[in-house]
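One structure is given here, and the rest of the page talks about it.
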Amino acid sequence: MEQPLELESDDDLTDSEESVYSGLEDSGSDSTNSSAAEEEEGEEDEGEQEEPSNRAAPKVKGAPRKSKALGADPPLKDSEGLSVPDEYEEDSSDEEDIRNTVGNIPMEWYQDFPHIGYDLEGKRIYKPIRNKDELDKFLEKMENPDYWRTVQDKMTGADIKLTDEQVDLVHRLQKGQFGDVHFNPYEPAIDFFTHEVMIHPVTNRPADKRSFIPSLIEKEKVSKLVHAIKMGWIKPRKPKEDTPTYYDLWAHEDPNSILGRHKMHVPAPKMKLPGHEESYNPPPEYLLSEEEKLAWEQQEPAERRLNFVPQQYRCLRAVPGYPRFIHERFERCLDLYLCPRQRKMRVNVDPEDLIPKLPKPRDLQPFPTTQALVYRGHSSLVRCLSVSPSGQWLASGSDDGTVRFWEVCTARCMKTLPVGGVVKSIAWNPNPTICLVAVCVEQSVLLVNPCLGDKLLYGATDQVLESYVPPEEERVQPVQWVTATSEEHSRGIRLTVQHSKALKQVTWHGKGDYFATVVADNSNMQVLIHQTSKRWSQNPFRKSKGLVQCVLFHPIRPYFFVATQRYVRVYNLLKQELTKKLMANCKWVSSMAIHPAGDNVICGSYDSKLAWFDLDLSTRPYQLLRHHRKALRSVAFHKHYPLFASGSDDGTVIVCHGMVYNDLLQNPLLVPVKVLKGHTLTMDLGVLDVVFHPTQPWVFSSGADGTVRLYT
């Protein structure tokens, strides 16, 4: 196809063609002569971000050319032995490598915008991301040796490193010298014109008419170009191809395999090979009898051992077609394509890294490790234990209706007290100057003087109890205080506190005068606080907050802990208000113990969790320990050593190191150190109560097997 536009020959140059440069070189359209068209194709192949000023354009005859090489004749130059010069060698355009197509406008116009201009397709050209803060600039200044000669181009936003010549030029201009090195400001002046005024001027030619009217030739060229663009003969820009490109993700995965995905291939499982029962003439032991056939037909298809009945034929020709053939093939296809076959990617993690770095148990000694003594004598399960403040005597309560007093060091039963009912709870008075034990039996609390040890001690206890003077007017109390009869007195019982409902727990205050009881009832009378010296009882709560499991007095401060099924409430007894409500994060709290310092609480639960609370930290557990497999029945703290223990229905006692630091910023260190076994499971019950020795690192446990065991 011929070129749509033909330019005039050089012979008939008109005045208007020699006019001022018309700027059509920057039009960005195709050239009309064939050499320019070839250049334009090459440039389009090179890249589409080229500037309009660098694109080939229709050359107007007589217009100033940017390169002499464009109009030169290459064969002639080759014949003269000269190399073809680079067409951009003499290009003096300042916008040679500028990607910005905005033009020479003040760049302050764009300083509040994220872009810096538009490309030929009208899309925004975004500024380069320059989010360097002062620290980044300082680091670059320290580390980059060319920082002092790097400037930012405001047109493009790029960092440009100045060459040595440009740096010299800047230095010369700063000193007030001329930019060109070779310029001599002191050359002798050449007098082009004489100082005498001449009669005739050098030129007196009148201005051309073409200087004042638009050029018709240029108008005709532009109209031809517009027509060619409209007809589609000239395409301003080659359209981009929108065909998506695809990449193989696994191609570079494994250099040894053809494709990396091949190693993800999991082969289909092979079918089981046919056995004797599928033969056309199976041995007689594989054939089903009539009863077996009947049983086979009555079974569910999924439960059948064989999905066919073995049959016998006299020869292979007599075997008929298999009716379930297509059905079985279809099921096999379903199995193959619905089966989730994926190879698990193994994570290479060292198992040692997952275990927290804890100190070794031998560094945390002393703690109980071995079973030393077994206290035998109870005929039923031993529900509760309590040790005297001196650590010499041990009291145990059992379902056989007795309380036994043991000597700790010898496991000798010193005294047996029949109480006529199941002993639910027992507590030795923590005051070392008083020898008194509180025993929960059915609906009463018995205050017992076991008369063990120092005669002065238990004699003084009786004197304190007998020195009580009843008040003049009778006060209404929720319970009845009954003095023991002479027969009960001889057995050791001194006082009976009779309640209206069955009791669950009794616990003493640290001073030894007050004790609290828990009644198995859902009313506001669940918790009662009693004073021994005044024989006075009171109900601290107006309304019930749920089923109370156990209560405890704070060892130092006037706080009272009440554990319901899911919460532990902490009350201030002086201010008579609720100070904290701890969320146990378990279904049913079974037991509770308070650290001797008073800032940490542990709760055992029937869903085999042990929750450690740091009262200064949060109302939620600092740590939940799931060391036991079955329900926790009892938890206990040691008074002096950093130890706590938990007894569970799995028959074990787990002793843990629980170090609480004085530094509030340091969290408690909880390390399980020993699992103590010895109790046998009876009626799915294991260890029912654990209690520490007051001075030694020993722990006592009572179990459903009717024994009490001492671990030292």
Side-chain angles (χ1 to χ4, degrees), residues 375 377-390 392-408 413-431 434-453 457-458 461-462 464-465 479-485 487-509 512-520 527-532 535 537 550-553 591 633-634 636 688-691 700 702 706 708:
Y375 302 79
H378 286 292
S379 58
S380 183
L381 49 94
V382 185
R383 281 189 184 272
C384 46
L385 292 174
S386 185
V387 190
S388 66
S390 63
Q392 189 180 358
W393 314 107
L394 172 70
S396 61
S398 167
D399 277 15
D400 60 6
T402 62
V403 174
R404 287 178 179 260
F405 296 94
W406 314 81
E407 190 177 18
V408 168
C413 180
M414 305 298 292
K415 190 170 184 179
T416 303
L417 175 67
V419 290
V422 173
V423 180
K424 286 289 180 70
S425 177
I426 191 167
W428 209 295
N429 193 318
N431 188 346
I434 293 175
C435 183
L436 204 60
V437 180
V439 182
C440 272
V441 183
E442 292 174 349
Q443 296 186 6
S444 2
V445 175
L446 307 178
L447 295 181
V448 178
N449 184 349
C451 300
L452 293 172
L457 190 64
Y458 62 76
T461 305
D462 284 344
V464 169
L465 293 174
V479 298
Q480 278 186 317
W481 290 75
V482 180
T483 311
T485 61
E487 187 265 331
E488 288 175 339
H489 195 283
S490 63
R491 291 189 308 173
I493 299 171
R494 299 293 181 261
L495 282 171
T496 305
V497 187
Q498 293 178 349
H499 293 65
S500 56
K501 298 272 177 69
L503 288 160
K504 283 203 288 195
Q505 188 211 359
V506 60
T507 180
W508 287 95
H509 185 263
D513 190 20
Y514 289 90
F515 65 93
T517 55
V518 180
V519 177
V527 182
L528 298 172
I529 296 178
H530 316 274
Q531 189 176 5
T532 316
R535 302 191 187 178
S537 303
C550 54
V551 296
L552 282 176
F553 287 99
S591 50
R633 294 280 171 186
S634 177
L688 298 177
D689 197 7
V690 290
V691 62
F700 299 92
S702 66
V708 179

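In terms of the side chain to side chain contact (heavy atoms under 4.5 Å, CB included) criterion, residue partners of Pro450 (sequence neighbours excluded) are, by chain and number, Phe405, Trp428, Cys435, Val437, Leu452. Ser386 pairs by the side-chain hydrogen bond (donor to acceptor under 3.5 Å, both in side chains) definition with nothing, not counting sequence neighbours. Every residue two or more places apart in sequence or in another chain was checked for a salt bridge (charged side-chain N to carboxylate O under 4.0 Å, His left out) with Glu488, and none qualifies. Ser379 pairs by the side-chain hydrogen bond (donor to acceptor under 3.5 Å, both in side chains) definition with Asp400, not counting sequence neighbours. Remark: Val691 pairs with Leu385, Val387, Phe700 by the side chain to side chain contact (heavy atoms under 4.5 Å, CB included) rule, at least two apart or across chains. The salt bridge (charged side-chain N to carboxylate O under 4.0 Å, His left out) test applied to Asp462 returns Arg494, not counting sequence neighbours. With sequence neighbours excluded, the residues that form a side chain to side chain contact (heavy atoms under 4.5 Å, CB included) with His509 are Lys511, Tyr514, Phe553. Applying the ring-ring contact (aromatic ring centres under 6.0 Å, His included) rule to Trp508 yields the partners Phe515; only residues at least two apart in sequence or on another chain are considered. With sequence neighbours excluded, the residues that form a salt bridge (charged side-chain N to carboxylate O under 4.0 Å, His left out) with Lys501 are Asp521. The side chain to side chain contact (heavy atoms under 4.5 Å, CB included) search around Ser425 returns Cys440, Gln505, Val506, not counting sequence neighbours. In this view, Asp513 and Gln531, Ser533 satisfy the side-chain hydrogen bond (donor to acceptor under 3.5 Å, both in side chains) rule, not counting sequence neighbours.
For residues 413-423, no pair satisfies salt bridge (Lys or Arg N to Asp or Glu O under 4.0 Å), with sequence neighbours left out.
Counting non-hydrogen atoms of other residues, nucleotides and ligands closer than 6.0 Å to CD of Gln498 gives a total above 12.
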